[in-house]
Amino acid sequence: MRNQVSTVSIVACGDVGFRTGLTATAACALSDKPAMVSICINRSSSAHQAILDVGSFSLNFLSAEQIRLADTFSGRTGLAGEARFGEGTWNKLFTGAPILDGALANFDCALESRHEFPSHSIFAGVVKATRVQPEGAALLYAHGRYFTLDCTSHPRAA
């Protein structure tokens, strides 16, 4: 799986003072009617139980300028829990889940279901609100390192 190219996102949940989040590369669209996303979260992550407790989460797709945030939420900087939110600007949309300003796309989701596997759970969330940046380079991950893809130079599909 290390060879697979993945988008880099931050999954976050909780209220100020009790927020938690992680860097994720296993997130994708699940349905369009209703709009739903899926995320795969390690069961040992602090965010796993927190998502179950609060019943909502945000999915924030990172831009090329947000590598430091990706490192922070992956645990590489040694910060955990609420301390990770000291970087970036965080707001709320509908559910109260933390939403990262400047991300390429934000999905504010209500937890719909969970499917358990030995090490991870797949969470399905109904999208309650979105916010999208019109342009920017996406942060990607493969082979143990970050790289970018600038989609602004390509024409949009009709």
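Counting begins at 1 with the first residue of the sequence.
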### D108 side-chain N/O to K128 backbone N/O, donor-acceptor pair under 3.5 Å
no
### Message
If you count heavy atoms of other groups shown closer than 6.0 angstrom to CZ of F147, is the number above 12?
### Response
yes
### Any residue meeting side chain to side chain donor-acceptor pair (under 3.5 Å) with D71, in chain and number order, not counting sequence neighbours
R76, Y146
### Query
Checking T23 side chain against A70 main chain: does a donor-acceptor pair fall under 3.5 Å?
yes
### Message
Nearest 0.5 angstrom please: Q49 CD to C13 SG, how far?
### Response
10.0 Å
### Task
Could you please spell out the steps behind the side-chain contact (heavy atoms from CB on, under 4.5 Å) verdict for Q66 and L100?
CA-CA 10 Å; Q66 296 171 316; L100 175 62; 3.6 Å; yes
### Task
Would you name the heavy atoms of T95 and A97 that are closest together and state the gap between them?
OG1-N, 3.2 Å
### Task
Could you check if a side-chain atom of L52 sits within less than 4.5 angstrom of a side-chain atom of L111, using non-hydrogen atoms only?
yes
### Task
May I ask you to decide if R19's main-chain N or O and E82's side chain share a donor-acceptor pair within less than 3.5 Å?
yes
### Task
State whether D101 and R131 are salt-bridged, where the test is any N-O pair (Lys NZ or Arg NE/NH1/NH2 against Asp/Glu carboxylate O) under 4.0 Å.
yes
### Query
Does a side-chain N-to-carboxylate-O contact under 4.0 Å join E116 and R114?
yes
### Query
Hey, are the side chains of L59 and I39 touching, using non-hydrogen atoms and a 4.5 Å cut-off?
yes
### Task
With rounding to the nearest 0.5 Å, note down the distance linking OG in S45 to NE2 in H120.
9.0 Å
### Message
Looking only at the side chains, is there a donor atom on one of H115 and S121 sitting less than 3.5 Å from an acceptor on the other?
### Response
no
### Task
Say whether, by atom type as modelled, one donor and one acceptor occur between the side chain of S58 and the main chain of P98 under 3.5 angstrom.
yes
### Task
Can you label the angle between the F123 ring and the F57 ring as parallel, tilted or perpendicular, going by 30° and 60°?
tilted
### Stepwise side-chain contact (heavy atoms from CB on, under 4.5 Å) check, L30 with V37
CA-CA 5 Å; L30 185 60; V37 298; 5.5 Å; no
### Message
Any non-hydrogen side-chain atom of H48 less than 4.5 Å from a side-chain atom of V11?
### Response
no
### Task
For the pair N60 (side chain) and I99 (backbone), establish whether a donor and an acceptor sit closer than 3.5 Å, ignoring hydrogens and angles.
no
### Query
When rounded to the nearest 0.5 angstrom, what distance separates CG in L139 from CD1 in I10?
9.5 Å
### Message
Quick one: does any side-chain atom of T20 pair with a main-chain N or O of S46 as donor and acceptor, under 3.5 Å?
### Response
no
### Query
Going from OG1 on T72 to CD1 on I67, what distance comes out if it is rounded to the nearest 0.5 angstrom?
12.0 Å
### Task
Indicate the ring-plane relationship of W90 and F85, choosing parallel, tilted or perpendicular according to the 30° and 60° boundaries.
perpendicular
### Query
So do L22 and F73 actually touch side chain to side chain, heavy atoms under 4.5 Å?
no
### Query
What closest approach, in Å, do C109 and V127 show between heavy atoms, and which atom pair accounts for it?
SG-CG2, 4.0 Å
### Query
Out of curiosity, does F61 fall in the hydrophobic cluster containing I51 (side-chain heavy atoms, cut-off under 4.5 Å, transitive links)?
yes
### Message
Rounded to the nearest 0.5 Å, what separates atom OG in S9 from atom CG in L62?
### Response
6.5 Å
### Message
How long is the straight-line distance from CD of E112 back to OG of S38, given to the nearest 0.5 Å?
### Response
13.0 Å
